[in-house]
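Protein chains get the first letters and strands the later ones, always in sequence-line order, with residue 1 at the start of each.
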2 protein chains.
Amino acid sequence: MPAPHPTEHARAIGQDGLADALVHAAFATMAVLSKVGAENDLSLTQLRVLAILRDRRLRMTALADYLGLEKSTMTGLVDRAERRGLLERAPSASDGRAVDVFLSPEGADLAGRLYAHVGRSLAPMTSELAPAEQRRLQTLLERMLGPHES
Amino acid sequence: MPAPHPTEHARAIGQDGLADALVHAAFATMAVLSKVGAENDLSLTQLRVLAILRDRRLRMTALADYLGLEKSTMTGLVDRAERRGLLERAPSASDGRAVDVFLSPEGADLAGRLYAHVGRSLAPMTSELAPAEQRRLQTLLERMLGPHES
DNA sequence: TATTGTTATACTCTATAACTATA
DNA sequence: TATAGTTATAGAGTATAACAATA
């Protein structure tokens, strides 16, 4: 798994300075997430599935909506994760057509470890800034991204 | 192409507040890049290839290094882009084993339009911040990401 | 011998279309 | 009829291993 070179496309894609920096930061962050995933034999999509289901039980269609994917794509995605024992399917109690998906104990365990791992893996980047700068960056990003649900 | 829901995994993956915000911003930015790519029938990887080659001529191996992919992966990637007339291959002048890759005129044209398109597509997000905040955000991101080459 | 690129192979990710079972 | 999920199919993206050509 060779390491990428996030800076280059960032510089070439972005329109202005801020867009450049955002694209650059996005590639750097995604590279970290991909690496954390790869170290656990998880694609970025599987990582997202674990993250989304960390505190939720969702039907296939709702999971597809969260990921921005087609429901037919979910079948294989969930199949593979289920085969690895990371999540489980169960028929919905309220709708005979629907299938709920949720983390298995092993999946929840892995999700928890990944959660911590991502934080540690991002630290070398974030610790380039002093604590006060980190707080300012967080505030600006949160303002830019709008109010969180939850 | 259904729209994703970047906030959720962000909240669930990140370790602390800043990591959360970075992951959230990365997913939001990647969603924009993916959308711009998809509107032009380009995957994120093909978008990166165009961006990287925008002002460069590289051999297959160097391109693979920039992307963080195996050289064998490049063959198919370049094949498909070449088949679409976006880039070209030529034998290296200095090394009989090597193959140079570079944008075709059409590829360069598309890359230029994508460049502008990305800037415009990111604007709704960045313009949530006042101009002074935008400058502060850019400065902080650039400090965090370290000095650019070029 | 080592390196460059391709080929062969296999698996994951993704979408579209057609199907089934339920609502 | 409409919705939930799966299956069938196809194509892109990715890696590993083996190979040919060149250095």
Side-chain angles (χ1 to χ4, degrees), chain A residues 1-4 9 30-31 33-35 37-50 52 57-84 86-102, chain B residues 1-4 9 30-31 33-35 37-50 52 57-84 86-102:
Chain A
M1 180 203 2
H9 1 102
M30 285 299 180
L33 292 179
S34 295
K35 184 157 165 293
E39 286 168 4
N40 293 274
D41 278 301
L42 291 171
S43 70
L44 207 40
T45 303
Q46 297 281 6
L47 196 74
R48 291 173 75 191
V49 169
L50 292 188
I52 291 167
R57 162 191 282 246
L58 292 176
R59 351 167 120 194
M60 297 291 281
T61 299
L63 187 54
D65 289 344
Y66 276 118
L67 291 165
L69 301 172
E70 290 301 318
K71 57 186 177 161
S72 62
T73 302
M74 297 316 305
T75 302
L77 226 38
V78 170
D79 280 352
R80 289 184 288 274
E82 193 178 23
R83 212 178 301 134
R84 287 179 55 178
L86 299 177
L87 45 82
E88 300 174 24
R89 270 188 254 233
S92 165
S94 55
D95 188 332
R97 301 167 299 178
V99 173
D100 286 343
V101 192
F102 51 94
Chain B
M1 180 207 0
H9 0 101
M30 285 300 181
L33 292 178
S34 295
K35 185 158 164 290
E39 285 167 5
N40 294 275
D41 278 302
L42 292 170
S43 71
L44 208 40
T45 303
Q46 297 282 5
L47 197 75
R48 291 172 74 189
V49 170
L50 292 187
I52 290 167
R57 163 190 281 248
L58 293 175
R59 346 168 122 193
M60 296 292 281
T61 299
L63 187 54
D65 288 345
Y66 275 118
L67 291 164
L69 301 173
E70 290 301 319
K71 57 186 175 158
S72 61
T73 302
M74 297 316 304
T75 302
L77 225 38
V78 170
D79 280 352
R80 288 185 288 273
E82 195 179 23
R83 212 178 302 135
R84 288 180 55 178
L86 298 178
L87 44 82
E88 300 174 24
R89 271 187 253 233
S92 165
S94 55
D95 188 331
R97 302 166 298 179
V99 173
D100 285 343
V101 192
F102 51 95

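Summarising the geometry, the separation between CG on Leu58(B) and P on dG5(C) is reported as 10 Å, rounded to the nearest angstrom. For Gln46(A) and dT14(C), the CD to P distance is 9 Å, given to the nearest whole Å. Computed from coordinates, the Asp79(B) CG to dG11(D) P distance equals 15 Å when rounded to whole Å. Taking atom CG of residue Leu63(A) and atom P of nucleotide dT14(C), one finds them 11 Å apart after rounding to whole Å. In this entry the distance linking CD of Glu82(B) with P of dG5(C) reads 14 Å, nearest Å. Taking atom CG of residue Asp41(A) and atom C1' of nucleotide dT16(D), one finds them 14 Å apart after rounding to whole Å. Put simply, NZ on Lys71(A) is 12 Å from C1' on dT7(D), counting in whole angstrom units. Per the geometry, CD belonging to Glu70(A) stands 19 Å off P belonging to dA10(D), to the nearest Å.
In this structure, the side chains of Met74(A) and Leu67(A) come closer than 4.5 Å at one or more pairs of heavy atoms. Considering only heavy atoms from C-beta on, Leu87(B) stays 4.5 Å or farther from Phe102(B) through its side chain.
Across every non-hydrogen atom of Leu44(A) and Ser34(A), the tightest pair is CD2-OG, 3.8 Å. Annotation for Arg84(A) and Asp41(A): closest pair NH1-O, 2.6 Å, computed over non-hydrogen atoms.
In summary, of the residues considered (Ile52(B), Val101(B), Asp65(B)), a side-chain contact (heavy atoms from CB on, under 4.5 Å) with Leu58(B) occurs for Ile52(B) alone.
Residue-to-nucleotide proximity on DNA chain D shows that, of Met60(A) and Leu44(B), the 5′-proximal contact is made by Met60(A).
Using a 4.0 Å heavy-atom cutoff across all strands shown, Thr75(A) reaches at least one base atom of the nucleic acid. Counting non-hydrogen atoms under 4.0 angstrom, Thr73(A) reaches a base of the nucleic acid.
At a cut-off of 3.5 angstrom, counting only N and O atoms as typed in the model, there is a donor on one side and an acceptor on the other between the side-chain of Ser72(A) and the base of dT16(C).
To the nearest 0.5 Å, atom CG of residue Asn40(A) and atom CG of residue Leu86(A) are 10.0 Å apart.
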If you look only at distance, which donor and acceptor atoms sit under 3.5 Å apart when one is on a side chain in residues 76-83 of chain A and the other is two or more places apart or in another chain?
residue: Asp79(A); atom: OD1; partner: Arg89(A); partner atom: NH2; Å: 2.0
residue: Glu82(A); atom: OE1; partner: Arg89(A); partner atom: NE; Å: 3.1
residue: Glu82(A); atom: OE1; partner: Arg89(A); partner atom: NH2; Å: 3.4
residue: Glu82(A); atom: OE2; partner: Arg89(A); partner atom: N; Å: 3.4

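The shortest distance between the side-chain N/O atoms of Arg59(A) and the OP1/OP2 oxygens of dG5(D) is not below 4.0 Å. Taking 4.0 angstrom as the limit, Thr45(B) places none of its side-chain polar atoms (N or O) nearer than this to OP1 or OP2 of dA12(D).
Remark: Asp95(B), Gly96(B), Arg97(B) in residues 89-101 of chain B come within less than 4.0 Å of DNA chain D through at least one heavy atom.
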